[in-house]
Amino acid sequence: MVVVKIEHSPLSRVPQQQRLSLLSVAIVHMGMLTALDQFMLGAVLGNAMALNDAFIAIFIGSLIFGIVTFGLGFAGMREGLSGSLLARWCGFGRIGSVLIGLVIAVSLLGWFGIQNAIFAKSLNFACGDKLGFSLAAIISGASLTTLVAFGFKALRFTARIAVPMFILLVVYISTIVLPGNSGQNWYEIMQLPHSDETLSISAGITIVVGGAIVASLMTPDLTRYTKSGQHVFGITLLTILAGEFVINGLAILIAKALNTADVVTIMSQAAGGAGLFVVVFSTLRVNDLNLYSSSLGVINAVEGITGKKLRYPPTTIVIGTLGTLFSILGILDRFVDFLTVLGVVFPPILGVMLVDYYILRSYRKVLDESRQKVQLPPEIPVIGWAAIIASLVGSIIGLTVEWGIPALNSLLIASGVYWFTKSALKRLP
């Protein structure tokens, strides 16, 4: 099936005869943004912003996400390369691309902590608050870490049914809570005040970008299996419509109607035990992938930098333990801060790669020549200091400058710094 094929050719180009249909790749890509984390993001927006402001944030955030995702996805399709391989010839070099993988692994570790916290809250709620959150988090984190570390195959079953179950649950809750059966009308919902600390539109845009930006960087991993730029555009558009406007949009409205951003409260209040069961199932599916990918990312990063290969089970146990500790320490309470950091750290990386590939075209000649032979370029730059420095500068500006939209600030500053630096270096004798 598609999932098996997408695991092929991790360190090589994907030839044209192995390319897949639009729908095959689109379903996998949409799965990145139609999960519990996107519903959580929408609930935060609905509970911290006026309704119009929340949808403005989604629209502008999706526009930023869509542009960079299509740009990087098109490059992945054209070259037949994964995101990590593409980064080698898009400014970062071999070691720089390894560092990007490490950043992704750390972000997935944070997502593990957040999803595990949701699992723990659901477990504790189902037990009548007898376990306590910390013990529930230890139980859920330790259980999943053990299963993933030792390759419990049954977890793969959850990936096939968790997303459809979650989407059906969201649709069901929408029919109960939103106008029609709830006794409220749309005007009343639009006028409801937000109960949480107010988010500005610029902050809302940044967390929308932060909630989806890791998927942008991973898009070439999938679009290298597509056949044309039209397919890449269709995949990007379908993912935005399904993840941002349907899942996020419904979550905004539901959170506004129920006056809470807490997913466990929403699910238990609207769907009872069945809702909690689907939430737990969804966290299993998402955290299985988070922990697995984070472990592989750390292993690859350590091997790429030091040459030493870590063993998978011990690495997974250590990362799972760290993620569980994040849950206990309250990472879920810093969900907005976490998304904000993602929303300013990852756009600079994408901006640098896009500038290098489409404008500076530093390695396009060797990429074009090797693509004809369906091989990797023989020339691999070791490390792109200009790309790393530009990414750091963009991230710092995004985190510290309050004017404008942080996600866009970091993207544009990093792109500009990289373009200027590389152009200046070319002029040197």
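No experiment lies behind these values; they were computed from the predicted model shown.
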Handout entry: side-chain contact (heavy atoms from CB on, under 4.5 Å) assessment of Ile413 paired with Val401
Key = CA-CA 11 Å; Ile413 291 296; Val401 175; over 6 Å; no

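- When all heavy atoms of Met30 and Ala242 are compared, the closest pair comes out as SD-CB, 3.9 Å.
- Summarising the geometry, atom CD1 belonging to Ile266 is positioned 8.0 Å from atom CG belonging to Asn47; distances are rounded to the nearest 0.5 Å.
- For the pair Arg224 and Glu79, the salt-bridge criterion is not met [side-chain N within less than 4.0 Å of a carboxylate O].
- One N or O on the side chain of Asn124 and one on the backbone of Gly132 form a donor-acceptor pair closer than 3.5 Å.
- Without hydrogens or angle criteria, Lys121 side chain to Ala137 main chain gives no donor-acceptor distance under 3.5 Å.
- Distance check: Phe326 CZ to Asn116 CG gives 12.0 Å after rounding to the nearest 0.5 Å.
- Distance alone, capped at 3.5 Å, places no donor-acceptor pair between the Thr69 side chain and the Gly66 backbone.
- Using a 4.5 Å heavy-atom threshold, the side chains of Arg78 and Tyr357 count as touching.
- The two atoms that bring Phe133 and Ser327 nearest to each other are CE2-O, 3.3 Å, heavy atoms only.
- Closest approach of Ser174 and Ile254 over heavy atoms only: OG-CD1, 3.6 Å.
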Exercise for the section: Check the pair Phe166, Val170 against side-chain contact (heavy atoms from CB on, under 4.5 Å), reporting the backbone distance first and the verdict last. Expected result: CA-CA 6 Å; Phe166 181 73; Val170 171; 3.8 Å; yes

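- Of the possible polar contacts, none joining the Thr198 side chain to the Ala48 backbone as a donor-acceptor pair under 3.5 Å is found.
- A 4.5 Å side-chain heavy-atom check between Asp37 and Ile114 finds every atom pair outside the cut-off.
- Put simply, the side chain of Ile201 reaches to within 4.5 Å of the side chain of Met49, judged on heavy atoms.
- Here CG of Asn248 is found 11.0 Å from CG of Leu253. Values are rounded to the nearest 0.5 Å.
- Counting heavy atoms from C-beta outward, Pro347 and Ile213 have side chains that approach closer than 4.5 Å.
- Gln38 is listed as a side-chain neighbour of Glu244, based on a closest heavy-atom distance under 4.5 Å.
- Ala87 and Ser97 make their closest contact through CB-CB, 3.9 Å (heavy atoms, listed as atom of the first residue, atom of the second, distance).
- Using cut-offs of 30° and 60° for the angle between ring planes, the Tyr358 and Phe74 rings count as tilted.
- In this structure a side-chain-to-backbone donor-acceptor pair under 3.5 Å is present from Asp221 to Gly83.
- Side chains of Trp89 and Pro377 form a contact here, defined as non-hydrogen atoms less than 4.5 Å apart.
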Exercise for the section: I would like to know whether Val298 and Ile319 meet side-chain contact (heavy atoms from CB on, under 4.5 Å); could you show each step before the answer? Expected result: CA-CA 9 Å; Val298 170; Ile319 292 175; 3.7 Å; yes

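- Atom CD1 of Ile139 sits about 4.0 Å away from atom CG of Leu135, to the nearest 0.5 Å.
- Put simply, the side chain of Asn409 gets close to the backbone of Trp403: a donor and an acceptor are under 3.5 Å apart.
- The backbone N or O of Ala261 lies less than 3.5 Å from no partner atom in the side chain of Thr265, so there is not a single donor-acceptor pair.
- The neighbour count for Tyr172 OH, taken as heavy atoms of other residues, nucleotides or ligands under 6.0 Å away, does not exceed 12.
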Exercise for the section: Given side-chain contact (heavy atoms from CB on, under 4.5 Å), test Leu72 with Thr219 step by step and report yes or no. Expected result: CA-CA 7 Å; Leu72 207 60; Thr219 292; 5.7 Å; no

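- The minimum heavy-atom distance between Ala414 and Ala390, with the atom names listed, is CB-O, 3.4 Å.
- Residues Ala54 and Ile252 come closest through the heavy atom pair CB-CD1, 3.8 Å.
- For the pair Thr223 (side chain) and Thr226 (backbone), a donor-acceptor distance under 3.5 Å is absent.
- A 4.5 Å side-chain heavy-atom check between Ser295 and Leu291 finds at least one atom pair inside the cut-off.
- Atoms CG and OG1, from Leu399 and Thr340 in turn, are 8.5 Å apart once rounded to the nearest 0.5 Å.
- Considering only heavy atoms from C-beta on, Ile405 comes within 4.5 Å of Ser202 through its side chain.
- Here Phe59 contributes atom CZ and Ile240 contributes atom CD1; the two are 10.0 Å apart, rounded to the nearest 0.5 Å.
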